[in-house]
Amino acid sequence: MTFTTRFAPSPTGPLHLGHAYSALLASDMAAAEGGQFLLRIEDIDRSRCRPHWEEQIYDDLNWLGITWPEPVMRQSSRMSTYEDALKSLWSQGLLYPCSCNRRDIAAAVGAPQEGVPLHGPDGIIYPGTCREVSTRTGSMPVNLPLRLDISKAANSLSNLFKINAQQTVKTALFEESGASPCGLTGQIPFTAKELTDSIGDVVLSRREMGTSYHLSVVLDDAAQGITHVVRGQDLFEATRIHVLLQALLGLPTPVYHHHKLIRDDAGKRLAKRDDARAISKYRAEGASAKQIRAMVGL
Ligand code: GLU
């Protein structure tokens, strides 16, 4: 299979040094393997995406010397694919509508129990308020967030959770060729209980979005034939959700390569609002693409 990777930015702000590192690393890895580097625009959050940020992405990546085949996949043109996948999960009774807002969730969680994690990859772990009371039959609601019943989903996947070599409990595995934030690499195991306890019922369809990052990313990686996902370590924890969704939707699981995060002088991960480290700012100051590579350690 041809090594195929991608860079998948959201046009919600300027690309910074962290994005440059991710895109250059993925493009370098594809070149070293004689493979392909693809670009995907993750623009499902219409309230935050702007055409000028998308233009700036193309411009900055070109300037960095990165090339990709056209046409570029844009998530906003794939809503019907996301809806079909949601309908399939809905028809299996794995989704339920949720009417809780952030405040309801925080109040329901109350004082956390000792030793029980409070936060998962999407923030506070959902306490399950709507899980038993929401209807799961009839046609799929369109204007309410839909959550995945993660325990039911994991329990339906006996072919994902197996007794694997060196494991005494049933685990799912994915292959990590980079490293987790605490250095895990190779075959990464996780159990159904870990999903329930440390991730919880994630939202798969957001109100006014009709999808979510987790759902779209797995469908798009599969549609683009991605064999290796190269991305920042901040997304390592979310990978278990992606592996679960791939199994539920009959999609292949690529190899994951989570890379180091580029941090500011205080050690904080760069964010879109860190305009001081925007690639466009370095460009305006006369930096070269080679200097950007040196700055991120490539
Ligand atoms: N769109 C995501 C971001 O900008 C990237 C998601 C991914 O690489 O899986 O952080």
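Counting convention: from 1, in listed order, for ligands and their atoms alike.
- Looking at A8, A238, G13 and measuring to atom 5 (C) of ligand 1, the nearest heavy atom belongs to A8.
- The aromatic ring centres of Y213 and H242 sit less than 6.0 Å apart.
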Give every donor-acceptor pair under 3.5 Å between a side-chain atom in residues 27-38 and any protein atom, sequence neighbours left out.
unit_1, atom_1, unit_2, atom_2, d
D28, OD1, R293, NH2, 2.9
D28, OD2, R293, NH1, 2.8

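- Under the 3.5 Å distance criterion, with hydrogens and angles disregarded, no donor-acceptor pair is assigned to the side chains of T185 and E176.
- At least one side-chain heavy atom of L95 sits less than 4.5 Å from a side-chain heavy atom of L148.
- Atoms of ligand 1 lying under 4.0 Å from any heavy atom of E42, numbered from 1 in the order shown and given with element: 1 (N), 2 (C), 5 (C), 6 (C).
- Atoms of ligand 1 found under 4.0 Å from any heavy atom of R6, numbered from 1 in the order shown, are 7 (C), 8 (O), 9 (O).
- Residue L235 has at least one heavy-atom neighbour below 4.0 Å for each of these atoms of ligand 1: 6 (C), 7 (C), 9 (O).
- Under the 4.0 angstrom criterion for non-hydrogen atoms, Y213 is in contact with ligand 1.
- By the side-chain contact (heavy atoms from CB on, under 4.5 Å) test, S156 is found to be paired with L248, residues two or more places apart in sequence or in another chain being considered.
- Within ligand 1, counting atoms from 1 as listed, the ones closer than 4.0 Å to a heavy atom of V217 are 9 (O).
- For ligand 1, the polar-atom distance check against H19 finds no nitrogen or oxygen pair separated by under 3.5 Å.
- Of the N and O atoms on the side chains of H19 and D60, not one donor lies less than 3.5 Å from an acceptor on the other residue.
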